[in-house]
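Chain naming here is simple, since letters A, B, ... match the order of the sequence lines and numbering starts at 1 in each.
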Number of protein chains: 2
Amino acid sequence: MSSQGWSIAEAADALGLSVDTLRYYERDGLLLRPVPRGGSGHRRYEEVDLRWVELVTRLRSTGMPIRDVRRYADLVRAGAGNEADRLDVLRNHRDQVLRQLAEVTTHLAAIETKIATYEDRLAPREKTA
Amino acid sequence: MSSQGWSIAEAADALGLSVDTLRYYERDGLLLRPVPRGGSGHRRYEEVDLRWVELVTRLRSTGMPIRDVRRYADLVRAGAGNEADRLDVLRNHRDQVLRQLAEVTTHLAAIETKIATYEDRLAPREKTA
DNA sequence: GGTTGACCTGGAGCGCGCTCCAGGTTGTTG
DNA sequence: CAACAACCTGGAGCGCGCTCCAGGTCAACC
């Protein structure tokens with residue numbers, strides 16, 4: 001058990017990411033701050049770090065590119081005063097996700113039709129009436 | 001106007017893909033057959049080619065990797081007898097897409113909550129009752 | 001206090017899905 | 001028939017998002 005915070009392995013585990021990915025996100029400016037270090041130079045993730053990475057994960061896994069996540073992190077890091085800009089980023093992303101969902105849903109319907117076709121073709125002992 | 005079929009540029013335009021992508025798909029074995037050529041060696045896409053690429057597009061844009069599309073194309077190309085295998089591929093993909101949709105939807109909800117937070121913070125002249 | 005495993009950094013490597021290029025042939029239009 | 005656009009092939013290049021590696025330090029347990 002650690003004095004405080006989580007090691008990078010513990011954080012990775014909790015977040016469902018790899019330790020490499022965590023270090024990569026930090027290097028690439030996706031985090032709000034450099035993750036604090038213990039005396040040894042090893043990272044000690046705190047609650048606030050984990051929660052931020054959680055948000056990053058949500059943005060990433062809804063398809064936001066790394067570079068946009070970084071721009072958003074830049075805004076938040078800049079501090080109070082640019083909330084309208086942040087809102088813009090989030091709204092644009094939401095709209096993008098909605099468009100994406102709609103498109104996938106449409107394509108999915110077509111694929112399910114195709115599945116139904118094969119199912120019909122492959123159901124020899126289906127009752128017909 | 002062409003004697004018959006569509007040039008690669010026309011096909012690309014109709015399908016919303018680039019000509020490079022169309023050639024790439026063909027090279028990579030995603031199509032059911034080599035696209036037929038006119039006397040000059042230029043491709044002439046026929047209805048059946050366009051319809052197949054349309055399906056490929058649906059699979060691709062719902063996230064099926066190129067290699068899986070190729071495996072599916074291989075099955076269809078092999079002719080009658082493997083319908084159960086094709087069905088398997090499609091069903092697995094559908095399930096994958098559904099999982100993906102569920103995940104994105106969940107993340108989206110969290111993002112919308114965050115948007116709402118910013119909206120509240122930025123709405124000074126909101127009526128309170 | 002020695003060994004073993006976690007962690008560190010900087011940088012290279014990789015799989016994916018295109019996209020672009022060179023160098024050449026063909027089709028079309030004025 | 002000249003000029004210019006569209007097409008061809010084989011192969012290189014690229015942006016993305018990690019992932020892995022080397023070479024070294026550190027910690028934690030027996």
Side-chain angles (χ1 to χ4, degrees), chain A residues 1-31 34-46 49 53 55-73 93 96 100 104 107, chain B residues 1-31 34-46 49 53 55-73 93 96 100 104 107:
Chain A
M1 205 138 282
S2 340
S3 46
Q4 60 173 321
W6 292 267
S7 73
I8 193 169
E10 290 162 346
D13 200 58
L15 293 163
L17 299 172
S18 73
V19 298
D20 279 310
T21 298
L22 279 179
R23 283 193 283 244
Y24 164 64
Y25 282 176
E26 187 175 348
R27 263 204 269 189
D28 232 48
L30 271 55
L31 305 194
V35 176
R37 308 298 179 108
S40 64
H42 291 188
R43 289 173 179 81
R44 304 264 65 185
Y45 287 78
E46 295 174 11
D49 301 303
V53 178
L55 173 59
V56 169
T57 298
R58 277 201 254 275
L59 295 174
R60 288 290 303 118
S61 66
T62 48
M64 183 183 283
I66 293 279
R67 114 186 52 91
D68 292 4
V69 177
R70 183 169 42 237
R71 292 197 316 107
Y72 184 69
H93 180 57
Q96 179 62 36
Q100 174 69 12
V104 168
H107 287 320
Chain B
M1 204 137 284
S2 340
S3 45
Q4 60 173 319
W6 291 267
S7 73
I8 193 169
E10 290 163 346
D13 201 59
L15 292 162
L17 299 172
S18 72
V19 298
D20 278 309
T21 298
L22 279 178
R23 283 194 281 246
Y24 164 64
Y25 282 178
E26 186 175 346
R27 266 204 268 189
D28 232 48
L30 270 57
L31 305 193
V35 176
R37 309 298 179 108
S40 65
H42 292 189
R43 290 173 180 80
R44 305 264 63 186
Y45 288 79
E46 295 173 13
D49 302 301
V53 178
L55 172 59
V56 168
T57 298
R58 277 201 253 276
L59 295 174
R60 288 291 302 120
S61 66
T62 49
M64 183 183 283
I66 291 280
R67 113 186 53 91
D68 293 4
V69 177
R70 183 169 42 237
R71 291 198 315 108
Y72 184 68
H93 180 57
Q96 179 61 35
Q100 174 68 11
V104 169
H107 287 320

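- Side-chain contact between Arg44(A) and Ser7(A) is present, with heavy atoms from C-beta onward closer than 4.5 Å.
- The side-chain contact (heavy atoms from CB on, under 4.5 Å) with Arg60(B) is formed by just one residue from the set Leu55(B), Val69(B), Leu17(B), Val53(B); it is Val69(B).
- Computed from coordinates, the Glu26(B) CD to dG17(C) P distance equals 18 Å when rounded to whole Å.
- Residues Tyr72(A) and Leu30(A) form no side-chain contact, since every pair of their non-hydrogen atoms from C-beta on lies 4.5 Å or further apart.
- Closest of all the heavy-atom pairs between Val19(B) and Ala9(B) is CG1-CA, 3.9 Å.
- Each end of the helix from dG1(C)-dC30(D) to dG30(C)-dC1(D) yields a helix axis from five base pairs, and these two axes differ in direction by 10° (to the nearest 10 degrees).
- With sequence neighbours excluded, the residues satisfying side-chain contact (heavy atoms from CB on, under 4.5 Å) with Asp68(A) are Met64(A), Pro65(A), Arg71(A).
- Of the possible donor and acceptor atoms, one in the side chain of Glu26(A) sits under 3.5 Å from a partner among the backbone N and O of Val35(A).
- Note: CG (Leu30(B)) to P (dC16(C)) measures 13 Å, nearest angstrom.
- Comparing Gly39(A) and Asp20(A) by the nucleotide of DNA chain D whose heavy atom lies nearest to each, the residue mapping closer to the 5' end is Asp20(A).
- A donor and an acceptor atom sit less than 3.5 Å apart, one in the side chain of Arg27(B) and one in the base of dG11(D).
- Looking at residues two or more places apart in sequence or on another chain, you find a side-chain contact (heavy atoms from CB on, under 4.5 Å) between Ser18(A) and Asp20(A), Thr21(A).
- Atom pair Asp28(B):CG and dG15(C):P shows a separation of 15 Å (rounding to whole Å applied).
- Within residues 56-63 of chain A, the residues approaching DNA chain D are Arg60(A), by heavy-atom distance under 4.0 Å.
- Considering every non-hydrogen atom in both Ala11(A) and Trp6(A), the closest pair reads N-CB, 4.2 Å.
- Separation of atoms CZ (Arg37(A)) and NE2 (His42(A)) is listed at 9.0 Å; rounding is to 0.5 Å.
- As rounded to whole Å, 13 Å separates atom C1' of dC16(C) from atom CG of Asp68(B).
- Between Gly29(A) and Ala73(A) the shortest heavy-atom distance is O-CB, 3.9 Å.
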**Asked** Base, backbone or nothing for each nucleotide of nucleotides 1-9 of chain D, written B, S, -, heavy atoms under 4.0 angstrom, 5' to 3'?
**Response** ------SSB
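- What separates CG of Leu22(B) from C1' of dT19(C) is a distance of 13 Å, to the nearest Å.
- Every residue meeting the side-chain contact (heavy atoms from CB on, under 4.5 Å) condition with Thr62(B), not counting sequence neighbours, appears here in chain and number order: Val104(A), His107(A), Ile111(A), His93(B), Val97(B).
- Phosphate contact (OP1/OP2 of dG17(C), side-chain N/O of Tyr25(B), threshold under 4.0 Å): absent.
- Contact check, Thr21(A) against dC18(D): no side-chain N or O comes under 4.0 Å of OP1 or OP2.
- The separation between Tyr24(A) atom OH and dG15(D) atom P is 14 Å, rounded to whole Å.
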